[in-house]
There are 4 protein chains.
Amino acid sequence: MSVNDDGFTSPVPAHLAVSSTAERPCPAAAGSQKEADSARARNRLVTHARLKASATELFAARGLRNVTTHDIARGAGVAAGTFYLHFKDKRVLLREIVLEALADLRTEMDLAARGCSGVDATRKHVESVVTFAERRGEVVRILFSHENEWEELQTHVLNTLADYCESVLRTQQTEGLIGSDVAPAIAAQAITGLQARVIDWWTKDPSRATRDAVIETLYKLQLTGVYGPAVTAE
Amino acid sequence: MSVNDDGFTSPVPAHLAVSSTAERPCPAAAGSQKEADSARARNRLVTHARLKASATELFAARGLRNVTTHDIARGAGVAAGTFYLHFKDKRVLLREIVLEALADLRTEMDLAARGCSGVDATRKHVESVVTFAERRGEVVRILFSHENEWEELQTHVLNTLADYCESVLRTQQTEGLIGSDVAPAIAAQAITGLQARVIDWWTKDPSRATRDAVIETLYKLQLTGVYGPAVTAE
Amino acid sequence: MSVNDDGFTSPVPAHLAVSSTAERPCPAAAGSQKEADSARARNRLVTHARLKASATELFAARGLRNVTTHDIARGAGVAAGTFYLHFKDKRVLLREIVLEALADLRTEMDLAARGCSGVDATRKHVESVVTFAERRGEVVRILFSHENEWEELQTHVLNTLADYCESVLRTQQTEGLIGSDVAPAIAAQAITGLQARVIDWWTKDPSRATRDAVIETLYKLQLTGVYGPAVTAE
Amino acid sequence: MSVNDDGFTSPVPAHLAVSSTAERPCPAAAGSQKEADSARARNRLVTHARLKASATELFAARGLRNVTTHDIARGAGVAAGTFYLHFKDKRVLLREIVLEALADLRTEMDLAARGCSGVDATRKHVESVVTFAERRGEVVRILFSHENEWEELQTHVLNTLADYCESVLRTQQTEGLIGSDVAPAIAAQAITGLQARVIDWWTKDPSRATRDAVIETLYKLQLTGVYGPAVTAE
DNA sequence: GATGAATGAGATTTCATTCAT
DNA sequence: AATGAATGAAATCTCATTCAT
């Protein structure tokens, strides 16, 4: 049984759901306009993507509150008002960026650990987190920065990761790999915090440690913490 | 030699230093007015303290950016302008609150671990952090929340704690308690993140776990992580 | 050679330069939108002009410091924030008004004295200053009022006029019309002050003297002082 | 007959009158306290004078609007509230400074021209103005700077000087020294502006011209203009 | 859809003035 | 009289959001 199956039982809360803006049915879709329409639709997606990319870059660099919708629009090369044709407001945009990144991370962790179990799955998870951080440093900065106004979102991110972690822990506890003296809920928070902090610290300045050192340390700390004597696993 | 002695050699950077409130030199304290002066001075301190208390409460509840200087003044029961008689601006106030809390926490950790070493010191540290969180939940929320604009401050807090942690780890490594395969710098970040996350999570809703469960889990995770097999230490 | 050619070699200092309103490059003027764009551009200029007119009126009546940006916006019939879409702040607006007026005055003086020289040019200059004051009393009030905060600007105005005057004096001295005992630099300041004061005084209440009396007196005083026998000089 | 007799027929308007603040009768003047009282009264005058000196210096340096009552008090070495024990508000203080300076200038001009008449009186007047500017540059800067909020006061200063000038002109016209084509009211404004401007310009940077050059130029221009025959008038 | 000028609520900050001690 | 903390009105400036073209 893969822990992945349990990991995401926590659905996105209604108020955080990403409602795609591009749903409105095209009002006048006269036959001969199909091509024009699809061209238009493509343009729309391009603009949408550019806005999101611009926002990601700016949020990562300056923080959420120090970026204006005008900044984002300028960064995307569109007019100020265009922003609101794609996103209801700044929060929605952030939500979209964060939830997308979170889903990506989860997918990558799932894929990495596919077919593994126990200690091996944990190692794969650590590796995939580090890989994700290397490839998408900007988005990681956003994911793990908490600005209070968006605490709801921040909490959702950490809780999603912690829930996943907790499910893994419970499974392993059931299997007798972890002692019954470990409280999965608390331990899950601890491991999430541990990873988030190290990843944030390392992402800010990757020269601080080699990729391998980060992986090894995360793995060892995590494993030997819950498995006790088994550090010798190595 | 106690590691505690080394732990806080990292002085507060100049730009974060809390300048004492009594900056302005008292121009002339004529003889017969001493009482009046001291009464005024006392009142001033009271107002200062009330502003700080008001700000602490509000910052913890709503975050820095969602609290106006007027809110703080209102919470303290003084006029809007009074704020600026005591603090140059919001940042300065936050800085004062945070650095004060950080110093308090450090002091408590030092006192708690006095005379202990090795595993015992670690346990005392964990206990004092949890105790601090129980008594001063509000300030802990501020300490462990990061808003990007104050990243500098946030970084200072975490680094101060991580530096402390790192010095403990290095000492124990020297003493052979920890294997040489542990990178103290990374591990220190990890442990700091682990503690900060759990404390933040628990402080938000203390009913989530008992005090003892939190202490035990933090202790166990931390210890068995670095000590490997020695979890049996207990 | 006309002295007018020399008179305004003093360029506007960089920090006082009026940056053209059309700074922001128009990003992309798609073909079919030209009309819409130009309509918007026209509206923008109208708003800009209304703000400037409103400010001119208010500054003349109440002085720079007693006029708020809100007053100016209200006077122009736009919202408060609109002010800042057109001018970085009040100073920039004042600068624009003053430098524009100064340029206009200079142009009118140049045109009036075109083809004249010596005494005739002086007379034309006096006439054009008086005419300018009659037509644009408000702006003249601003031009010749000095508020210390804007001393830089005030100094620029008077020095520009004085420089012009000085160049005229030097030319006439070269031509032997003026004795060598006259120090052009000092005399230029004197004549500038003389004209500014009379114009300001008269503009405040034009019923104080007829236009002709003002012109005659300015002309006579400048040329031959109060004792001068020969107003008949001409 | 001295023109001085006519010069100050314009009394200070009621709203500009300096009402001494130190008028309140001493409530409890028990016999044996005379000395204490007089010592106190002396102290009061000292404080009053220091406030005025502080204000004069600051106004001259930074302009009226850029000086706060706190600045003035600090400059005088007293507490903020003390300011209001001596002056009803900032305006009153400025008024006191300006009217005092104006009275001083007038007195010096009177004394200088005592016994002189005609051209000689004019020369003496010019000399005394320049001397005043040399000795009391600060106050002159205040006297001749116009900030719109205090236009009333500024107008009073210039009109006082212009009135004086006008009376001189009328006298000389009566005596046949000046032609009937000169309008005394306008000419008086012109001469006042001329002097004020040159004095202001020179005071800002006395190295711009020697004292004698300033006097000679002011004198010559006033008497015979720039074209005037030779200053042979003397 | 895109544009970008306009909107207006709201936050920060200053400072003349008062008043309890 | 002097003190200096407190007051609170007022000004500047920003920016999320709307809307006519």
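Values in this document were obtained by computation on a predicted structure and should not be read as measured data. So that the names make sense, note that chain A is the first sequence line, chain B the second, and so on, each numbered from 1.
- Atom CG of Leu51(D) is separated from atom P of dA1(F) by 13 Å (rounded to the nearest Å).
- Under 4.0 angstrom from either OP1 or OP2 of dA1(F) there lies no side-chain N or O belonging to Thr47(D).
- The side chain of Thr68(A) lies closest to dC15(F) when the candidates are dT13(E), dA6(F), dC15(F).
- Closest heavy-atom contact between Leu85(A) and Arg44(A): O-NH2, 2.7 Å.
- At the heavy-atom level, Thr82(D) lies under 4.0 Å from base atoms of the strands shown.
- Across all strands shown, dT21(E) pairs with dA2(F); the Watson-Crick or G-U wobble distances both stay below 3.5 Å.
- Each of Leu94(A), Leu93(A), Asp89(A) was scored for a side chain to side chain contact (heavy atoms under 4.5 Å, CB included) with Arg91(A), with one residue passing: Asp89(A).
- Under 4.0 angstrom from either OP1 or OP2 of dA1(F) there lies at least one side-chain N or O belonging to Arg44(D).
- Between the side chain of Thr82(D) and the backbone N or O of Val78(D) there is no donor-acceptor pair closer than 3.5 Å.
- For His86(B), a side-chain nitrogen or oxygen approaches OP1 or OP2 of dA6(F) to under 4.0 Å.
- The distance between atom CZ of Arg91(C) and atom P of dC13(F), rounded to the nearest whole Å, is 9 Å.
- Taking side-chain N and O atoms only, Thr69(C) has a distance below 4.0 Å to OP1 or OP2 of dT12(F).
- Distance, Arg50(A) CZ to dA2(E) C1': 13 Å, rounded to whole Å.
- Between Phe83(A) and His70(A), the distance from one ring center to the other does not fall under 6.0 angstrom.
- Put simply, CG on Asn66(C) is 11 Å from P on dT12(F), counting in whole angstrom units.
- As the counterpart of dC15(E), dG8(F) is assigned, both hydrogen-bonding distances of the Watson-Crick or G-U wobble pattern falling under 3.5 Å.
- One atom, NZ of Lys90(B), and another, C1' of dG10(E), lie 12 Å apart when rounded to the nearest Å.
- Relative to the side chain of Tyr84(C), the nucleotides dG4(F), dT3(E), dC13(F) differ in distance, and dC13(F) lies closest.
- Nearer to the 5' terminus of DNA chain F, by closest-nucleotide assignment, is the contact made by Ala80(A) (compared with the other of Asn43(C) and Ala80(A)).
- Nucleotide dA5(E) holds its P atom 7 Å from the CZ atom of Arg40(C), rounded to whole Å.
- No donor-acceptor pair under 3.5 Å is formed between the side chain of Asp71(A) and the backbone N or O of Arg74(A).
- Map Val67(C) and Val78(B) each onto its nearest nucleotide of DNA chain F; the residue landing nearer the 5' end is Val78(B).
- The phosphate of dG8(E) has neither OP1 nor OP2 within less than 4.0 Å of any side-chain N or O from His70(C).
- What separates CD1 of Ile72(A) from C1' of dA16(F) is a distance of 11 Å, to the nearest Å.
- Neither side chain, His86(D) nor Glu96(D), offers a donor N or O lying under 3.5 Å from an acceptor on the other.
- Here Asp89(C) lies in heavy-atom contact (under 4.0 Å) with sugar-phosphate atoms only.
- Between Lys88(B) atom NZ and dT12(E) atom P there is a gap of 13 Å when expressed in whole angstrom units.
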